[in-house]
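Chain letters run A, B, ... following the sequence lines, proteins first and then strands; every chain starts at 1.
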Number of protein chains: 2
Amino acid sequence: MNLSIKQAADQLGLTPSTLRYYDKEGLLPILKKSKSGFRTFSENDLQWLNLICCLKNSGMSITEIKHFMNLCLQGESTCEERKEVLERHKSNILKQMETLQNCLCIVNYKIDHYKEIGIFHIDQ
Amino acid sequence: MNLSIKQAADQLGLTPSTLRYYDKEGLLPILKKSKSGFRTFSENDLQWLNLICCLKNSGMSITEIKHFMNLCLQGESTCEERKEVLERHKSNILKQMETLQNCLCIVNYKIDHYKEIGIFHIDQ
DNA sequence: ATACTTGTTAAAGTTAACTTTAAGTCAAGG
DNA sequence: CCTTGACTTAAAGTTAACTTTAACAAGTAT
């Protein structure tokens, strides 16, 4: 049931290069290799990579993701800190959504009215 | 009523360097300079910069913003194309919001349940 | 056995959006 | 007049997150 790097990349919508890069950066410490040196991706690896993608797509940096992962590796004792990291990231996401909502309003207004509120005099 | 580069930067939450960079990239073609060569920011400039910030904060690249600005400079004849640019950007914003909403759900779930669904075996 | 595809590493290259540096100009206060 | 602080330019430097390259090894199809 283990996938090759290409298969895993396809499932995740990433490229093999990106997966190698993540591995090199230490984001995939649980990854195993076949005896000939090929990376093999288990269901567990894919789940962890899905979480990585989620965090990355919502603006968490590789460095921060790695920090979070290190906390996970340390086990029970870091539960509180992990929760705090996620809470902070949650506020971050909410802030981004607010910013986007704001921009959306402005863009919507422009779409409906840009003839009347042109920025340049030439555009008024 | 015209502002210095520092004053304008403060109003916009940017740095003077960033404004110079935008100017250099051709994003501020309407900007005037005092006879001693200092940039002066009018109300109109600030409005245009606010729109730039809006587009930038919602993920439009400097290159795309410059393209949009060039359309504005060309006047009436580009109204349709400008509207299309904004419509495409609107879909882009909506897609980003959807992505964030998705990530938010996952993060919320993790916050509430991460003890039970740990990624690493050590974390279960 | 041979050719093709997929994998490996280390290291260098890319891109966007700034930021910093260096060297100089301008305006105001004492 | 002199210093101080804000401004100017051009050019080089920075950072994140990849991507590409080169040189090589392994697995698969004919």
Side-chain angles (χ1 to χ4, degrees), chain A residues 1-29 31-42 45-46 48-70 89 92 96 99 103, chain B residues 2-29 31-42 45-46 48-69 89 92 96 99 103:
Chain A
M1 285 301 296
N2 282 3
L3 303 182
S4 71
I5 196 167
K6 178 68 163 61
Q7 291 170 322
D10 285 348
Q11 278 224 11
L12 294 156
L14 302 172
T15 68
S17 293
T18 304
L19 288 178
R20 286 191 201 103
Y21 168 70
Y22 288 170
D23 191 16
K24 193 177 114 196
E25 291 299 303
L27 252 54
L28 311 173
L31 201 62
K32 296 275 183 295
K33 290 193 178 181
S34 75
K35 65 182 171 228
S36 49
F38 289 18
R39 290 173 184 83
T40 66
F41 293 77
S42 69
D45 293 325
L46 290 184
W48 172 235
L49 271 163
N50 263 316
L51 182 60
I52 287 179
C53 288
C54 161
L55 296 174
K56 190 203 60 174
N57 291 337
S58 48
M60 190 181 282
S61 72
I62 301 287
T63 308
E64 290 168 312
I65 294 173
K66 188 172 173 183
H67 174 237
F68 179 70
M69 184 219 65
N70 282 330
H89 187 59
N92 189 347
Q96 289 180 64
T99 299
C103 297
Chain B
N2 282 3
L3 302 183
S4 72
I5 196 167
K6 178 69 164 62
Q7 292 170 321
D10 284 349
Q11 278 223 12
L12 294 156
L14 301 172
T15 68
S17 293
T18 303
L19 288 179
R20 287 192 201 101
Y21 168 69
Y22 288 171
D23 191 14
K24 194 178 115 196
E25 293 297 304
L27 254 54
L28 312 172
L31 202 62
K32 296 275 183 295
K33 290 192 179 184
S34 76
K35 67 182 170 225
S36 49
F38 289 19
R39 291 174 184 82
T40 65
F41 293 78
S42 68
D45 294 325
L46 290 184
W48 173 234
L49 272 164
N50 263 315
L51 182 58
I52 287 179
C53 289
C54 161
L55 295 175
K56 189 202 60 174
N57 290 338
S58 48
M60 191 180 281
S61 71
I62 300 288
T63 307
E64 290 167 313
I65 294 173
K66 189 172 172 184
H67 174 236
F68 179 70
M69 185 219 65
H89 187 59
N92 189 348
Q96 289 180 64
T99 298
C103 297

Short side-chain N/O contact from A:S4 to OP1 or OP2 of C:dT6, under 4.0 Å
no
Rounded off to whole Å, could you give me the CG-to-P distance for the B:L19 and D:dT9 pair?
12 Å
Taking CD from B:E25 and C1' from D:dA10, how many angstroms apart are they, rounded to a whole number?
14 Å
Considering every strand and a 4.0 Å limit on heavy-atom distances, what is the contact class for A:S17: base, sugar-phosphate, or nothing?
base
Could you check if a side-chain atom of A:L3 sits within less than 4.5 angstrom of a side-chain atom of A:D10, using non-hydrogen atoms only?
no
Please determine if a side-chain N or O atom of A:Y22 lies less than 4.0 Å away from the OP1 or OP2 oxygen of D:dC18.
yes
Specify the separation, in whole Å, of atom CD1 of A:I65 and atom C1' of D:dC18.
13 Å
d(CG, B:D23; C1', C:dA17) in whole Å
16 Å
A:T63 side chain near A:H67 side chain, heavy-atom distance below 4.5 Å
no
For A:N92, the side chain to side chain contact (heavy atoms under 4.5 Å, CB included) test, sequence neighbours excluded, returns A:H89, A:Q96
List, with names and distances, any nitrogen or oxygen atoms from the protein found under 3.5 Å away from nitrogen or oxygen atoms belonging to nucleotides 24-27 of chain D.
unit_1: D:dG27; atom_1: OP1; unit_2: A:S36; atom_2: OG; d: 3.1

Taken to the nearest whole Å, NZ/B:K6 to P/D:dC7 is 8 Å
Check against side chain to side chain contact (heavy atoms under 4.5 Å, CB included), A:D45 and A:N2
CA-CA 10 Å; A:D45 293 325; A:N2 282 3; over 6 Å; no
Would you say B:F41 and B:L49 make side-chain contact, with heavy atoms under 4.5 Å?
yes
Of A:K33 and B:M60, the one whose closest DNA chain C nucleotide lies more 5':
A:K33
Reckon B:R39 touches a base, only the sugar-phosphate, or nothing at all at heavy-atom distances under 4.0 Å?
sugar-phosphate
A:S36: side chain to side chain contact (heavy atoms under 4.5 Å, CB included) partners, not counting sequence neighbours:
A:S34, A:F38
Is there side-chain contact between B:L55 and B:M69, with at least one heavy-atom pair below 4.5 Å?
no
A:L31 CG to C:dG7 P, straight-line distance once rounded to whole Å:
13 Å
Can you name the residues that form a side-chain hydrogen bond (donor to acceptor under 3.5 Å, both in side chains) with A:T15, not counting sequence neighbours?
A:T18
For nucleotides 10-16 of chain C, give me every protein contact, N/O to N/O, under 3.5 Å, one pair per line with atom names.
none

Nearest-angstrom distance from the residue atom CD1 of A:I5 to P of D:dT19:
12 Å
Between atom CD1 in B:I52 and atom C1' in C:dA17, what is the gap in whole Å?
14 Å
Which residues pass the side chain to side chain contact (heavy atoms under 4.5 Å, CB included) test with B:N50, not counting sequence neighbours?
B:L12
